[in-house]
Amino acid sequence: MKWPEAAMRASNGQVGQVRNGAGLFERVYALVRQVPSGRVVTYGQVAAALGNRRLARQVGWAMRTCPDDVPWHRVVNGAGQLSTRAEVGSFNPQRAWLEEEGVEFGVGGRIDLRVCGWNGWQE
DNA sequence: AGGTTGACTGGGG
DNA sequence: TCCCCAGCCAACC
């Protein structure tokens, strides 16, 4: 959709107690860009890193329209499953991409977060 | 200004 | 473990 218009607009809003002078979208992208290949994080983790756990849904909304240099495929839901709607027919590019990076999928298409989950923002 | 929508979560059954 | 449901909150009618 309208990137970067939407991001710009979001930049003057405020999120809970988070003052996003840098722009909510930009903050999300900057965070996601730090996730290393072969590892994944959850929407909730990103939201927590932003300072407000309840922004998980908005993180997902932000992922919908992100720059090409953002590894959006490394963001999954708390159950370790892909919640993307990016799949084309029965083929899910997000899964294929992750498998290329070495991420394993168990039965039901679940990723073991204890193995592939990343946690570099925990201060 | 008010209602609807989610690429979400955590808790309860 | 799985399913359902009530919160959530910015974006978008």
Side-chain angles (χ1 to χ4, degrees):
Chain A
M1 93 151 41
K2 310 138 191 172
W3 159 263
E5 295 87 26
M8 289 289 84
R9 232 189 301 173
S11 69
N12 29 325
Q14 52 208 28
V15 184
Q17 49 182 239
V18 178
R19 229 51 182 197
N20 40 341
L24 177 61
F25 282 43
E26 282 300 346
R27 282 159 137 275
V28 172
Y29 301 147
L31 250 11
V32 176
R33 273 192 278 257
Q34 297 172 40
V35 183
S37 172
R39 310 300 290 286
V40 299
V41 294
T42 68
Y43 297 95
Q45 277 180 63
V46 178
L50 285 171
N52 187 337
R53 297 182 159 293
R54 305 166 209 209
L55 285 175
R57 276 182 121 146
Q58 280 64 259
V59 172
W61 191 86
M63 289 291 92
R64 193 155 62 95
T65 61
C66 62
D68 297 335
D69 64 325
V70 176
W72 58 272
H73 59 284
R74 295 179 191 146
V75 184
V76 305
N77 68 28
Q81 296 177 296
L82 308 184
S83 4
T84 182
R85 294 194 170 174
E87 59 179 50
V88 186
S90 59
F91 176 70
N92 189 326
Q94 178 173 20
R95 171 164 179 162
W97 206 322
L98 287 172
E99 291 182 316
E100 251 177 66
E101 299 183 346
V103 175
E104 311 228 337
F105 287 75
V107 290
R110 280 188 288 283
I111 296 172
D112 188 340
L113 294 178
R114 292 168 305 183
V115 177
C116 300
W118 184 69
N119 204 331
W121 303 317
Q122 232 82 160
E123 250 88 331

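Chain naming here is simple, since letters A, B, ... match the order of the sequence lines and numbering starts at 1 in each. The basis for the numbers below is simple: all heavy atoms, side chains too, and nothing from hydrogens, waters or symmetry mates.
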Partners of A:Glu101 by salt bridge (Lys or Arg N to Asp or Glu O under 4.0 Å), sequence neighbours excluded?
A:Arg74
Distance from A:Gln58 atom CD to A:Met63 atom CE, nearest 0.5 Å?
12.5 Å
Give the rounded distance in Å between these two atoms: CG of A:Leu98 and P of B:dA7.
18 Å
Applying side chain to side chain donor-acceptor pair (under 3.5 Å), can you list everything that pairs with A:Arg33, at least two apart in sequence or on another chain?
A:Asp69
Partner residues of A:Thr42 under the side chain to side chain donor-acceptor pair (under 3.5 Å) criterion, sequence neighbours left out:
none
Side chain to side chain donor-acceptor pair (under 3.5 Å) filter on A:Gln34, not counting sequence neighbours, yields A:Trp121
Roughly how many Å is it from CG in A:Leu55 to P in B:dG6, rounded to a whole number?
18 Å
Show me the pairs that pass salt bridge (Lys or Arg N to Asp or Glu O under 4.0 Å) and involve residues 45-56 of chain A, at least two apart or across chains.
none
Tell me the interatomic distance from A:Gln58, atom CD, to C:dA11, atom C1', rounded to whole angstroms.
8 Å
Applying side-chain contact (heavy atoms from CB on, under 4.5 Å), can you list everything that pairs with A:Arg95, at least two apart in sequence or on another chain?
A:Leu82, A:Asn92, A:Glu99, A:Phe105
Rounding to an integer number of Å, can you tell me how far A:Met63 CE sits from B:dT5 P?
24 Å
Rounded to the nearest angstrom, tell me the gap between atom CZ in A:Arg27 and atom P in C:dA10.
14 Å
Can the ring centroids of A:Phe25 and A:Trp61 be said to lie less than 6.0 angstrom from one another?
yes
Would you compute the distance between atom CD of A:Glu100 and atom CG of A:Leu98 and round it to the nearest 0.5 angstrom?
9.5 Å
Please give the stem ranges for DNA chain B, sorted by first residue number, where a stem is three or more consecutive Watson-Crick or G-U pairs and both donor-acceptor distances are under 3.5 Å.
B:2-6 with C:9-13, B:8-13 with C:2-7
Please list, in numerical order, the residues of residues 103-116 of chain A that have a heavy atom closer than 4.0 Å to any atom of DNA chain B.
none
Checking A:Gln81 now: which residues fulfil side-chain contact (heavy atoms from CB on, under 4.5 Å) with it, not counting sequence neighbours?
A:Asn77, A:Ala79, A:Arg110
How does the hydrophobic cluster around A:Val107 look, that is, which other residues are in it when side-chain heavy atoms under 4.5 Å mark a link?
none
Quickly work out the A:Leu50 CG to B:dC8 P distance and round it to whole Å.
16 Å
If hydrophobic clusters are built by linking Ile, Leu, Val, Met, Phe, Trp and Tyr wherever their side-chain heavy atoms come under 4.5 Å apart, do A:Leu50 and A:Val41 end up in the same one?
yes
N/O-N/O pairs, protein side and nucleotides 4-8 of chain C side, under 3.5 Å:
| unit_1 | atom_1 | unit_2 | atom_2 | d |
| --- | --- | --- | --- | --- |
| C:dG7 | O6 | A:Arg57 | NH1 | 3.0 |
| C:dC8 | N3 | A:Arg57 | NH1 | 3.2 |

Hydrophobic clustering (ILVMFWY, side-chain heavy atoms < 4.5 Å, transitive) - are A:Trp97 and A:Val35 grouped together?
yes
Close N/O contacts between protein and nucleotides 9-13 of chain B (under 3.5 Å):
| unit_1 | atom_1 | unit_2 | atom_2 | d |
| --- | --- | --- | --- | --- |
| B:dT9 | OP1 | A:Tyr43 | N | 3.2 |
| B:dT9 | OP1 | A:Gly44 | N | 3.0 |
| B:dT9 | OP1 | A:Gly78 | N | 3.3 |
| B:dT9 | OP2 | A:Gly78 | N | 2.9 |

